[in-house]
Number of protein chains: 2
Amino acid sequence: MGIDCNNCQARNSKLCSVFDGDSIAELFEIAIPVKVEKGSYLLHEEDSTKYVYNLSSGVSAVERLASDGRRQIMAFIYPGDFIGVSTGPAYSISDRALTDVTACKWHIRDIEALYVKYPELEQRVHEIATRVLAATMDQIFVLGRKNAIEKIAYFLLYIDKRQVKFDGHTDEFTLPMTRADIADYLGITVETVSRAFSLLKKKGFIELSQNWVVRLLDKDTLAEIADHFGPNS
Amino acid sequence: MGIDCNNCQARNSKLCSVFDGDSIAELFEIAIPVKVEKGSYLLHEEDSTKYVYNLSSGVSAVERLASDGRRQIMAFIYPGDFIGVSTGPAYSISDRALTDVTACKWHIRDIEALYVKYPELEQRVHEIATRVLAATMDQIFVLGRKNAIEKIAYFLLYIDKRQVKFDGHTDEFTLPMTRADIADYLGITVETVSRAFSLLKKKGFIELSQNWVVRLLDKDTLAEIADHFGPNS
DNA sequence: CGTGAGCTTGACTAGGTTCAAACGGGGTGG
DNA sequence: CCACCCCGTTTGAACCTAGTCAAGCTCACG
């Protein structure tokens, strides 16, 4: 097994942090290590909901695909994030690896079996679901009530916050997702994403190199834009 | 107390149905009955998250209001639905009564105290959160990827499904919310809602009387429209 | 060095917003 | 009892943001 919990990027995740240095072994013993390469899926909509996942490294996207090809990305998943919390027989979402990804996969029943010995675990799983719900509410507001530029500004700040843990604190990061992914996350088109990036670049709020490296030059203004951007801005 | 659990519209809700005829009294004893009139709020964004609610009668809307007046409705709450599941110190959403409303309110700690005696209760609360999450995912797709008419068709079918329990099975129901509420739920404007209603009426798929009574005349077609409505439809 | 996937940019279009006016029904006060 | 008003809704017309279509660019990779 190539997994060493104490060096895992997810070591401090809501789930794993329930266990201390010794007892973490118990969680690890029932874990099924998973490796998925860029572009492949960790799970599909139709899969039966037997497993939950905790991302160890890489980035993935929770998405739903309609029969006519329209796609919506529900969330981007970073190390320590949880996937697979679901009710009903099938996840109703897929999870696609945006980079090469490793994860721990558990049979739900195996996790539940640990609830007795570690009561806090159950509470944590519940907390995870609740946190996801809160994040989802934010996204509903963004999708329903923000215009394209507000969406992009919001997105950049969101990614900055998510990614700072891994990249350091330089306000500079490398986007793991394509413009199409960003578009499908924000409910707009690639062209609109591109135009918004160009505008923010021209105005001097961000810097782009090689398309995927973003540097935020003026976070305060970006925050204002994310909050409100209108004709008289 | 004016509450009789066994005649409550929420008697079969995920929460209350854990208890049988006798033991329901235990849940009721720690319940704080709440009455809120149309237009008032059951809870505000800033309220500290001490309580959870189960709607007994009426309809309410979970919403968020931005400083510049933009509003987004996250969900409509019907009898048996749950409100207040949250992490963090404050709900970050408000809940406004669309009609006169009654609800049971519990201190979270009182509910948690019952977990020991009724282990299924904890599981149910978790299940509720998960269900809400699934519904929210649907809404994200709708907001991000559906056009105005698809949204309205989806909305009508959604309300039909929610409301059929209380109105009977006639495919006819009375909307408890205004056009503005519908608009804020679907991320469009009142005018667009109104135009979409008119179109569906003209095409003979729905019937409207007194603005609030809707009759679905052709649910199959509505479902097709909700799924896909384009230039060549 | 050529190729192609992904990104940008431009011109045009269209769906939805905005602004404005008119409608309708329920409630109030004369 | 009726006139009036008000709020929510509908409808129309102009406008504008984002989508669509198309071309050209960039850069990683073979």
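Just so it is clear: chains get the letters A, B, ... in the order the sequence lines come, proteins before strands, and each one is counted from 1. Quantities reported herein were computed from a predicted structural model and do not represent experimental measurements. Reckoned from all heavy atoms, side chains included, excluding hydrogens, waters and symmetry mates.
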Problem - For atom CG of A/Leu175 and atom P of C/dG6, their distance in whole Å - result: 15 Å

Handout entry: Partners meeting side chain to side chain donor-acceptor pair (under 3.5 Å) with A/Arg195 (sequence neighbours left out)
Key = none

Problem - Candidate nucleotides D/dT9, C/dC7, D/dT11, ranked by approach to the side chain of B/Ser198 - the nearest - result: D/dT11

Handout entry: Rounded distance (Å) that lies between atom P of D/dT10 and atom CG of B/Leu200
Key = 12 Å

Practice task
With sequence neighbours left out, write down each residue that passes ring-ring contact (aromatic ring centres under 6.0 Å, His included) with B/Tyr78, or none if nothing qualifies.
Solution key: none

Practice task
Give me the ring orientation class for B/Tyr158 and B/Tyr154: parallel if the planes are under 30° apart, tilted from 30 to 60°, perpendicular past 60°.
Solution key: parallel

Completion exercise
residues 31-50 of chain B vs salt bridge (Lys or Arg N to Asp or Glu O under 4.0 Å), sequence neighbours excluded, gives none

Problem - Sugar-phosphate, base or nothing in reach of A/Ser194, heavy atoms under 4.0 Å - result: base

Pairwise N/O distances under 3.5 Å, protein to nucleotides 18-25 of chain C:
unit_1, atom_1, unit_2, atom_2, d
C/dT18, O4, B/Arg195, NH2, 2.8
C/dC19, N4, B/Glu191, OE2, 3.2

Problem - Rounded distance (Å) that lies between atom P of D/dT26 and atom CZ of A/Arg179 - result: 15 Å

Exercise for the section: Mind calculating the distance between CG (B/Leu98) and C1' (D/dG8) to the nearest angstrom? Expected result: 15 Å

Exercise for the section: Take the protein atom CZ of B/Arg70 and the nucleotide atom P of C/dG16, then report the distance between them rounded to whole Å. Expected result: 18 Å

Problem - side chain to side chain donor-acceptor pair (under 3.5 Å) partners of A/Asp220, counting only residues at least two apart - result: none

Exercise for the section: Could you pull out all residues at least two apart from B/Thr87 that satisfy side chain to side chain donor-acceptor pair (under 3.5 Å)? Expected result: none

Practice task
Any pair with a residue in residues 72-95 of chain B that passes salt bridge (Lys or Arg N to Asp or Glu O under 4.0 Å), sequence neighbours left out, goes on the list, sorted by first then second residue, please.
Solution key: B/Asp81-B/Arg162

Exercise for the section: Write out all pairs satisfying salt bridge (Lys or Arg N to Asp or Glu O under 4.0 Å) with one or both partners inside residues 51-67 of chain B, taking only residues at least two apart or from two chains. Expected result: A/Asp138-B/Arg64, B/Glu63-B/Arg71, B/Glu63-B/Arg96

Handout entry: Residue-phosphate contact under 4.0 Å: A/Trp212 side-chain N/O, D/dC27 OP1/OP2
Key = no

Problem - For DNA chain C, the residues among residues 140-156 of chain B that have a non-hydrogen atom under 4.0 Å from it - result: B/Asn147, B/Ala148

